[in-house]
Enquirer: 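If you scroll down you'll find the structure; I have some questions about it.
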There are 2 protein chains.
Amino acid sequence: MKRKVTLKQIARELDVSISTVSKSLRNSPEISEDTRQKVQAFAKLYNYKPNNIALSLKNKKTKTIGIIIPEIVHHFFATVISGIEQVANENGYNVIVCLSDESFDKEVINMEMLATGSIDGFIMSLSKETQLKKDFHHIVEVINQGMPVVMFDRITNDVFCDKVIIDDQMAAYEAVEYLINKGFKKVALVTTVDYVSVGKLRTEGYLKALRDNNMMAEEDMIVKIEDIDNCSVKIERLLEEQKPDAIFAVNELFAVTCIKLAAKMGVNVPDDLSVIGFTDGIISQFSSPAITTVSQNGIKMGRSAAKMLIDRLEMEEEDEHYRTEVIETHLVERESTPTL
Amino acid sequence: MKRKVTLKQIARELDVSISTVSKSLRNSPEISEDTRQKVQAFAKLYNYKPNNIALSLKNKKTKTIGIIIPEIVHHFFATVISGIEQVANENGYNVIVCLSDESFDKEVINMEMLATGSIDGFIMSLSKETQLKKDFHHIVEVINQGMPVVMFDRITNDVFCDKVIIDDQMAAYEAVEYLINKGFKKVALVTTVDYVSVGKLRTEGYLKALRDNNMMAEEDMIVKIEDIDNCSVKIERLLEEQKPDAIFAVNELFAVTCIKLAAKMGVNVPDDLSVIGFTDGIISQFSSPAITTVSQNGIKMGRSAAKMLIDRLEMEEEDEHYRTEVIETHLVERESTPTL
DNA sequence: CTGAAAGCGCTTACAG
DNA sequence: CTGAAAGCGCTTACAG
């Protein structure tokens, strides 16, 4: 077992000073061609690599990005990480991932843990609990300490920082209008509880689309789901009692659940019922029928967030001007809506 | 903007030495009750937190685990990360994630990048290209430097280290035997190319199950898929020409693809064709019909891998004895196989 | 051209 | 009880 070699050891071995070794390896012009070559050859032989931690301490930057997301076993978030990782890698950054598990406390703990030196900046999406509590002191604090934060998807307007979002309201509006234009008269909504920012915005888009088309929004046609695990009853009741001819669901789990429950009740999708989901994930692609959905390009969101963060990290002067980037969405037509 | 406060600043502020501040905060008995309280109060007021990087350099451990996996947009791997993260968190560790993108070079680069001080140990699953090349020098090197590595799922026997796997061959054997016991006579296999270790083992399990039941393994009943994106032709040909009554697919993507293609050809699952997949992911759960599958508990594998790594990191003496943990699997019966 | 010194932020054995 | 010193591994302004 040969342990990692340090400058000190090389210096001792070659009988020169540590400074000389360091400078040689960095090709400083101060050093004679001769010693430089000698040192470099030796370093190569022993596979010397500078210690990242020492560099971080010295340079006061770690070249790593902290990501805090609610969960990773969720296609959309995995997709965003993938995008972040691409850009991070291209720029010599690493990525450290923490999961809040939708818990406020875990989000706070993770942020504090990372904020003390481990990373240069954050990319995050709020936990449900944080959105419910509307307590963002941990984020504001980090920003005040001079550490940049980029929020994506589940954001809040109460914190000033860079953001990457989609236009949730508009995207929902377009999806619902698409259904209306197909001639559907009873378009139901399956959405989240209101405190989830994106759910709320998508709900608003739904309402607006109905309004603009002179259709009444009926309370009974809207199902708000708190917890995916026991949502079946509510959806079944919707299908039975309201008999909608189309459903707009604010995520793909809701959409596929609607389709499965409909099938169980003998309601055929798309013949008797059309369904549009949100987030173009693996479920939408592979469910039968494949689900028409609002695509939300996670890779792109991740790449964009990483770019914004790195730009800010490598900026010369501080810039108090924050940007919000809106990633475009579009409707992916598949089998859960009629083809003409 | 109030920047992070350091021991030095507290010391200056309170007009004591840095050592005194440090000791006070760590409740050293050397320090008088009086100054200790004073220092602690002040530190609390200014929200002092020791700098992780400085601690890492001093202690020569970073309390972070490096994860290298082929991709993250893959339910199984996301699941494993989630399990690792749980145990890491419980033990005060962070998790740094790198993706090899199935590329040997990226795997090597990422390992070297992390190995130089950033982390205390690795948890990894090999990229396809690495398995194809059978070049593991980067892993051996890291281990020789004294940095522990735990491999999971896609492993190799050519490297000595801790491992977490399932018994792929046995699990496949059981799945195929299950089909045979149901009375199916023409059980086809949809698998990966041979160099993917888990694919190969599952293939062997399939062959053994046939053999043990006095059934002939026919070449035409076995489809080996290199690349998911253009596998349709091969599977369609299998369905058309061989008309299997059951298919064992070595992952859920293959399984769902078989079902979708069968549906397109008017072959009903499970009435005309039974399908069993592998890896109990989101696709198996939500596809229609839901897919009977060999569950491979990613969370458990992740937890176990993290536990093994942390145990080794916190072990007093070096232990040259490596363990291989086998996580149990079981068949989850769903709609793609007959119910009786 | 080379090396000693200071410093990044911390801890701890040792001296006073 | 307090503080100076050494050290983790590195870089760089400065002296010689």
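Every heavy atom of this structure was used, including side-chain atoms; hydrogens, water molecules and symmetry mates were not.
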Enquirer: Looking at every strand, decide which applies to A:Ser19 at a 4.0 Å heavy-atom threshold: base, sugar-phosphate, or nothing.
Expert: base

Enquirer: Whom does D:dA4 pair with, Watson-Crick or G-U wobble, provided both distances fall under 3.5 Å?
Expert: none

Enquirer: With under 30° as parallel and over 60° as perpendicular, where do the rings of B:Tyr46 and B:Phe42 fit, or are they tilted in between?
Expert: parallel

Enquirer: Counting any heavy atom closer than 4.0 Å, what does A:Ser32 reach on the DNA or RNA strands: base, sugar-phosphate only, or nothing?
Expert: sugar-phosphate

Enquirer: Taking C-beta and beyond as the side chain, do B:Asn94 and B:Asn52 meet within less than 4.5 Å on heavy atoms?
Expert: no

Enquirer: Which heavy-atom pair separates B:His138 from B:Thr130 by the least distance, and what is that distance?
Expert: CE1-CG2, 4.1 Å

Enquirer: Using a heavy-atom cut-off of under 4.0 Å over every strand shown, decide if B:Ile18 touches base, sugar-phosphate, or nothing.
Expert: base

Enquirer: Starting at atom CG of B:Asn52, determine the distance to atom P of C:dG9, rounded to an integer number of angstrom.
Expert: 13 Å

Enquirer: Taking 4.0 Å as the cut-off, does a side-chain nitrogen or oxygen of A:Lys8 come that near to OP1 or OP2 on D:dC8?
Expert: yes

Enquirer: Just the rounded figure in Å: distance from P of D:dC10 to CD1 of B:Ile53.
Expert: 14 Å

Enquirer: With a non-hydrogen cut-off below 4.0 angstrom, is B:Lys58 in contact with a base, only sugar-phosphate, or nothing?
Expert: base

Enquirer: Do you know the tightest heavy-atom contact between B:Glu107 and B:Ile139?
Expert: OE2-CD1, 4.3 Å

Enquirer: Which base sits across from C:dA13 as a Watson-Crick or G-U pair, both distances under 3.5 Å?
Expert: none

Enquirer: With rounding to whole Å, what would you report as the distance between D:dA4 and C:dG7 at their P atoms?
Expert: 14 Å

Enquirer: Grab the NZ-P distance between A:Lys23 and C:dG3 for me, whole Å please.
Expert: 9 Å

Enquirer: Hey, is the side chain of A:Tyr48 poking within less than 4.0 Å of OP1 or OP2 on D:dG9, counting only N and O atoms?
Expert: no

Enquirer: Given that B:Thr20 and A:Val5 both sit by DNA chain D, which one's nearest nucleotide is further toward the 5' end?
Expert: B:Thr20

Enquirer: Does any non-hydrogen side-chain atom of B:Asn157 lie less than 4.5 Å from one of B:Lys163?
Expert: yes

Enquirer: Take the protein atom CG of B:Leu7 and the nucleotide atom P of D:dA4, then report the distance between them rounded to whole Å.
Expert: 15 Å

Enquirer: Closer than 4.0 angstrom, basic N to acidic O: yes or no for B:Arg303 and B:Glu90?
Expert: yes

Enquirer: What is the distance, to the nearest angstrom, from the CZ atom on A:Arg26 to the P atom on D:dG9?
Expert: 17 Å

Enquirer: Across the strands shown, which category fits B:Leu57 at heavy-atom distances under 4.0 angstrom: base, sugar-phosphate, nothing?
Expert: base

Enquirer: Expressed as a whole number of angstroms, how long is the span from A:Lys61:NZ to D:dC10:C1'?
Expert: 15 Å

Enquirer: Does OP1 or OP2 of C:dT11 have a side-chain N or O of B:Ser22 closer than 4.0 Å?
Expert: yes

Enquirer: In whole angstrom, give the distance that lies between atom CG of B:Leu25 and atom P of D:dT2.
Expert: 14 Å

Enquirer: Of the options D:dG9, C:dT2, D:dT2, whose atoms approach the side-chain atoms of A:Thr35 most closely?
Expert: C:dT2

Enquirer: Are A:Lys60 and C:dG9 close enough that a side-chain N or O sits under 4.0 Å from OP1 or OP2?
Expert: yes

Enquirer: In whole Å, I'd like the distance from the CD atom of B:Glu30 to the P atom of D:dA4.
Expert: 14 Å

